[in-house]
Amino acid sequence: MSLFALTDNEALEFADGHATPCFVYRLDAAEERFRALSAVLPDRVRLAYAVKANPHPGIVARFAALGSDFDVASIGELELLRRAGVPGGRILFAGPGKSTEELELALSMGVRIEIDGLEDAERIEGYLSAAAPAGRPASPLALSVRVHPADGISESSRIIGGAGPSAFGVDEEDLPRFLQGMRSFRHIAVTGLQVFAASNERDASRLIANHRVALSIAERMAKDAKLDLELIDLGGGLGIPYAEGEAELDIEALGKGLDLLLRENSWFGGKLLVEPGRWLVGPCGAYLSRVIRVKESRGTRFAVLEGGINHLLRPLLTGQPFPVRAPGRDGEAKNPARAGRERTCTLTGPLCTSLDRLGSVVLPPLGPGDLLVFGQTGAYGYTEAMGAFLSHPLPAEHCLDH
Ligand SMILES: Cc1ncc(COP(=O)(O)O)c(C=O)c1O
């Protein structure tokens, strides 16, 4: 599959008619990916879109119409979903530091809350007992707990879970104490858990190996603490390629692996949940920016673009550039008379800081006004960037639906 949501001609045409820099999101491609993933997941696996990857209302509305569940992690994301008319029963709320205001909004919306420890539990219990002070409720509110595994996790990429120290969740070794503490609450009960092991993983067998760890933790929780678990949230982390030649995640293998896990764990009668963000929307987005100026400096070719880390921060965080093309210059690269003129070029933005780097990539010779298209930018692009830094205008976001 191409790393670019727009063909060269589509990108050139779009940039002719719209101001750059801008993001373009293909809703049809997002829908296609959602349908493709849903089709390979076993019936007992729910699919939730992780809104943090791209909270654009057009994308949220499309996934809502397709019947997706949603993972949210802030009051802003909760409100976005409320405005989109998504019922609370289709939303899960996670995050390592939930404010009381956020918890109360989530509770009022009927959202499933994934707590990170007894502190969250105490505040929820307090809210519910103030609302219904007398006696034990007929059925306590079902909550999930995020568990941070002790070991057995493999990660080939940036850490979100892993097995080291973490601000997230309850450490696996502390689970007995946590579950004991939960017994003192009348209005809430743990009926689910979440384990998010690793991010941007393109190897289905590694994802499944991590999910197997999650299920073994769940089994011990269920048996030791006699819990009736109804939901095991396996987190996101489905990876996408960021460079030509990198393999795609085999989603069929993922679906089959989840099916096998369910069959191996016959003790569990509930549902699994996966909550990808990047995989669903990363490939649906393109970022378009023009070159402002070029400079040769002591053997290095620089191209200064209209946007930098204020629009795309991932390359600075991970050291990996987004795939990039120069559509108007493509003919030049293919022209035998000009062969060999492609060179490594350091891409920078217009910010008055030397931190403003988008990576070094091989490109044809560039000049002012040339268009660059960055692929795989539908996830962790616009909202992950440092939009306010240096007070440049924010880029526009456009949704296309072919
Ligand atoms: C709780 C939770 N779920 C899902 C995701 C989405 O992860 P990804 O976009 O890698 O699939 C994240 C990302 O940080 C997360 O924290």
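As the structure lists them, so they are numbered: ligands from 1, and atoms in each ligand from 1. Residues: numbered from 1 along the sequence shown.
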**Study point:** Close N or O approach (Glu275, ligand 1; < 3.5 Å)
**Key:** yes
Check your understanding: What is the distance from atom CG of Leu207 to atom CZ of Arg212, rounded to the nearest 0.5 Å?
Key -> 12.5 Å
Exercise for review: For the residue pair Ser205 and Asp203, confirm or rule out a side-chain donor-acceptor distance under 3.5 Å.
Suggested key: yes
Exercise for review: Measure from NZ or CZ of Arg325 to the centre of the six-membered ring of Phe4, then state whether that distance is under 6.0 Å and the direction lies within 45° of the axis.
Suggested key: yes
Point to revise | Proximity of Trp279 to ligand 1 by residue part, where a heavy atom lies under 4.0 Å | key: neither
Revision key, fill the gap. Of Gly239, Gly237, Gly277, the one whose closest heavy atom lies nearest atom 10 (O) of ligand 1 is Gly237
Practice item. May I ask you to check whether Asp71 has an N/O atom sitting below 3.5 Å from an N/O atom of ligand 1? Key: yes
Review point. Strictly by modelled atom types, are Thr346 and Ser360 linked by a side-chain donor-acceptor pair under 3.5 Å?
Key: yes
Check your understanding: Do Cys284 and Arg33 come within less than 4.5 Å of each other through their side chains, counting heavy atoms only?
Key -> yes
Review point. Given the rule in the ring pair (Phe, Tyr, Trp, His ring centres under 6.0 Å) test, do Phe70 and Phe63 qualify, once you have shown the distances and angles that lead to the verdict?
Key: CA-CA 9 Å; Phe70 291 88; Phe63 288 139; 7.2 Å; no
**Study point:** N/O separation below 3.5 Å, Tyr380 to ligand 1
**Key:** yes
Review point. Which of the numbered atoms in ligand 1 are below 4.0 angstrom from a heavy atom of Gln194?
Key: 1 (C)
Review point. So which bit of Glu114 gets within less than 4.0 Å of ligand 1, heavy atoms only: side chain, backbone, both or neither?
Key: neither
**Study point:** Numbered atoms of ligand 1 (with element) below 4.0 Å of Ala50, judged on heavy atoms
**Key:** 4 (C), 5 (C), 6 (C)
Review point. Numbering the atoms of ligand 1 from 1, which are under 4.0 Å from a heavy atom of Pro276?
Key: 11 (O)
Check your understanding: Side chains of His56 and Tyr25: donor-acceptor distance under 3.5 Å anywhere?
Key -> no
Review point. So, is Ser199 polar-close to ligand 1, with some N/O to N/O distance under 3.5 Å?
Key: no
